[in-house]
Amino acid sequence: MKLKSHINDIIKDAFTKAGIAHEPMSVSEASKPEFGDYQFNGAMALSKKLGKNPRAIAQSIVEHLDLTGVLSKAEIAGPGFINLWLNPLWIATQCQSALEDERVGVSTKENPIKVVVDYSGPNMAKQMHVGHLRSTIIGDTLANLLTFLGDEVIRQNHIGDWGTQFGMLIAYLEMKDEDGTVTLKDLEQFYKDAKGEFDANADFANKAREYVVKIQSGDAHCLNLWKKFIDISLGHCEEVYEKLNVNLMRDDVRAESFYNDMLPKVVDSLTGKSILQESDGAQCVFLEGDEVPVIVQKADGGYLYATTDLAALWYRAEVLGAKRISYVVDARQAGHFKQVFRIAKEAGFVSEEVKLEHIAFGTMMDKSGKPFKTRDGGTVKLIDLLDEAVIKAKETINNKEEYAPEQIDELAKIIGIGAVKYADLSINRESNYIFNWDKMLSFEGNTSLYMQYAYARIQSIFRKYNAPIEGSIVIGDALEHRLATMLLRFEDLLSRAAVDASPNQITTYLYELATLFMRFYEQNPILKDGVEEEVKMSRLQLANLTAKTIKQGLDILGIKVVDKL
RNA sequence: GCACUCUUAGCUCAGCUGGAUAGAGCAUCGGUUUGCGGUACCGAAGGUCGUGAGUUCGAAUCUCGCAGGGUGUACCA
C-alpha cells in the first residue's frame with residue numbers, strides 16, 4: 001500500500017482543479033493526532049509564487065479535494081496547514097486486503113533494478129571480531145529489504161584472501177599440519193604463533209617470503225595450501241553467519257584474489273585515459289581538490305586496495321550489470337570510497353547513471369565510550385560475543401520448567417542473537433554507539449524483547465481463541481484508526497528505509513507499531529466478556545495484521561520471532 | 001595544517017524532502033490490577049537542539065564563522 005502516493009495523487013488532482021500550475025510537495029505524516037493522519041504544508045510555500053494569502057490557497061485546495069474515497073475530512077489550520085483525515089471505511093478495506101496478502105500489502109517494485117550489496121568482508125587471516133558485526137548485519141538487512149521490495153540483489157562478500165601475510169600463514173600451516181587435520185580453531189593464536197616463528201626463525205621467514213611469491217606465480221603446492229587455509233577460515237565465518245541468521249553463502253564470496261588478473265588492466269586503461277601520473281615511481285591518480293593522490297600501483301609494481309576496488313567496481317557495473325552498488329563499510333573509509341568512486345566514474349569504469357554509495361557506519365563503543373575491546377585490550381571475537389548473548393538471553397526466560405532443554409537453547413539463541421542485532425540496527429548507522437548488555441536485553445524501550453513480547457502476546461490471543469475468524473475490519477475508536485493507519489504505512493516506511501539504507505527506520509516503525517498496539521489492546525478488549533462478536537472479529541484481525549507486520553519487519557532485519565517466551 | 005564527521009532532557013537515543021507547543025526509553029516521582037501474557041498501560045517532571053550570525057512567512061534540519069569531540073590524511077587493507 002503506497003499510502004502517501006495515494007494521498008499525493010488526490011492533492012495533485014485538487015491542484016489541477018483549482019488551477020494551480022505548480023507541482024505540489026509531498027504530504028507528510030501528521031505531527032500530532034489532533035492534526036489528523038497526514039498534513040499538506042505546501043500552501044505556505046506557494047504563497048509567494050502565487051502572490052496570494054496562504055490560507056486562501058489552502059482554502060481553494062481544500063474545496064477541490066476529493067473527500068469521497070481515501071480521505072474523509074480536511075481542515076485548514078494556522079497559517080495554512082491542511083490537515084487530512086483518512087476515511088475509516090477505506091482504511092478498513094485496505095487493512096482487510098493487506099491481511100489476505102502474504103506480503104502484508106506491500107507491493108513489489110514496478111521498475112526493479114540490479115543492486116550489488118557489498119558487506120561483511122572479513123579478513124581470512126584473522127577471526128571475525130566485533131568490528132565485522134555492523135557491516136554484516138546492516139548489509140544483510142539492506143539486501144533483505146531490497147529483495148523484499150523486488151530488486152534483484154547480488155550479495156557480495158569481498159573477503160580479504162590476498163596479501164603478504166598469507167605466505168607466512170601457509171608456511172606455518174604446512175609445518176603444523178603434518179597429518180592434515182588442523183582446524184585453525186583459534187585463528188588469532190595461529191597468526192600469533194606464525195608471526196612468532198617468523199620473527200624467531202630466519203629459515204622460516206625466508207620460506208614465508210618465498211611462499212608469497214609462489215602463490216602469486218601459481219605454484220600448485222602453495223596454492224593448495226592457500227586454498228585449504230582460506231577454506232577453513234571461511235568455514236569459521238560461515239559458522240558466525242549461521243549463528244547470526246545472516247544470508248551470506250559460499251556463492252556470494254567474491255574474494256580480493258578474484259580481481260587479481262584485472263589489476264594490470266585497470267592501470268592500463270587509466271593510462272590510456274591520461275588520468276594517471278607517475279610520482280616517486282608509483283602510478284598515481286591526482287584528483288582535483290585532493291592533496292594526496294590515490295596510488296594504484298606501487299613503485300615496486302605491486303597493486304593496492306584502491307586498484308582492487310576499481311576492478312571490483314568495473315566488474316559489478318559492467319559484468320554483473322548493477323545499477324546501484326552499495327558498500328557497507330566502516331565510516332573511516334569514507335575518504336577512500338569517495339576517491340575510488342570518482343575515479344571509477346571519471347575513467348568510465350562505471351557509467352554515470354549507476355549509483356555508487358558508501359553505506360557508512362560508526363564504531364561500536366564500550367560503556368565508557370571507548371572502542372570495544374577485551375579486558376586486556378585485544379579485539380573481541382564475534383563468535384564469543386554471540387555465545388555470551390545466548391547465555392545471557394537464557395537468564396531472561398521465565399518458566400523454564402515449561403520447556404525441554406533443547407527448546408530453551410533454541411529460544412535463547414533467537415532471543416540473544418536477536419537482541420544483539422536489534423540493538424545495533426536500531427541505532428542510526430552513521431553514529432557510534434555504546435554497546436550495553438543490560439539495555440539490549442531489557443524488555444523496556446525500543447528493544448528486541450519488547451518486540452518479541454508484543455508479538456508473543458498477540459500469538460497468545462490466538463492460542464486462546466483458536467477458532468475461525470469471520471467478518472470484516474471495522475474502525476471503531478481513534479486508537480484503532482491510528483493503529484490501522486500505522487499498519488498501512490508499512491510500505492512507505494520500507495521504501496524510505498531502502499533509499500536511505502537505514503535499518504533504524506524499520507526498528508523505529510516497529511517499535512511505534514508495537515507501542516500503539518499495546519495501547520490499543522489495553523483500551524480495547526478482544527476476548528473479554530461482553531465484547532460484541534463483530535467487534536471481536538474486527539479486533540482479532542487488526543491484531544493479526546499487527547503480528548504479521550511485526551514478523552515481516554523483523555524478518556527483514558534477520559530476526560526470528562517466537563510464539564511464546 | 002587540510003578534509004570529513006559529530007555535538008538534541010541527568011543517561012542512551014529518535015527527529016524523513018525546513019513546518020504548528022522538539023519526541024521516546026532508562027533513571028526520578030505518582031497512578032491503573034478479581035490482568036484477553038502487568039516483562040503491560042497512563043500521568044508528572046525534565047531541553048535557550050554546542051555557540052554566534054545568515055537565508056526563509058517559518059530552522060534541530062539549509063549556509064557561513066567559532067568552540068569542543070571523533071576519524072582520515074601517498075606506496076597496509
J.: Can you say whether a donor on the side chain of A:Asp290 sits under 3.5 Å from an acceptor on the base of B:A74, or the other way round?
T.: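 Check fails, no donor-acceptor contact within cut-off.
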J.: Given B:G19, B:C13, B:U56, which nucleotide is nearest the side-chain atoms of A:Lys48?
T.: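 It is B:U56.
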J.: Return the nearest nucleotide to the side chain of A:Tyr305; candidates are B:G38, B:A24, B:A77.
T.: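 Output: B:A77.
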J.: State, yes or no, whether a side-chain contact exists between A:Leu356 and A:Tyr327 at a heavy-atom distance under 4.5 Å.
T.: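 No. Closest side-chain heavy atoms not under 4.5 Å.
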J.: Which part of the nucleic acid, if any, lies within contact of A:Ala331, taking any heavy atom under 4.0 Å across all strands shown: a base, the sugar-phosphate backbone alone, or nothing?
T.: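 Result for A:Ala331 = nothing.
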J.: Using only side-chain N and O atoms of A:Lys32, determine if any of them is under 4.0 Å from OP1 or OP2 of B:G23.
T.: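 For B:G23, OP1/OP2 do have a side-chain N/O of A:Lys32 under 4.0 Å.
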J.: Output yes when at least one side-chain N/O atom of A:Tyr521 is less than 4.0 Å from OP1 or OP2 of B:G37, else no.
T.: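 For B:G37, OP1 or OP2 has a side-chain N or O of A:Tyr521 closer than 4.0 Å.
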J.: Closest to the A:Glu444 side chain: B:C36, B:A14, B:A40?
T.: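 Among the listed nucleotides, the one closest to the side chain of A:Glu444 is B:A40.
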J.: Grab the CD-P distance between A:Gln339 and B:C4 for me, whole Å please.
T.: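 Computing the A:Gln339:CD to B:C4:P distance gives 13 Å.
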J.: Within the structure shown, what part of the strands sits under 4.0 Å from A:Ala454 by heavy-atom distance: base, sugar-phosphate, or nothing?
T.: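 No contact.
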J.: Can you find a donor-acceptor pair, distance only, under 3.5 Å between A:Gln505 side chain and B:G15 base?
T.: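 Such a pair does not exist between side chain and base.
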J.: Does a side-chain N or O of A:Arg457 approach OP1 or OP2 of B:G38 to a distance below 4.0 Å, or not?
T.: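 Result: yes.
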J.: What about A:Ser279: does its side chain form a donor-acceptor pair under 3.5 Å with the base of B:A74?
T.: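 Under the 3.5 Å cut-off, the side chain and the base do form a donor-acceptor pair.
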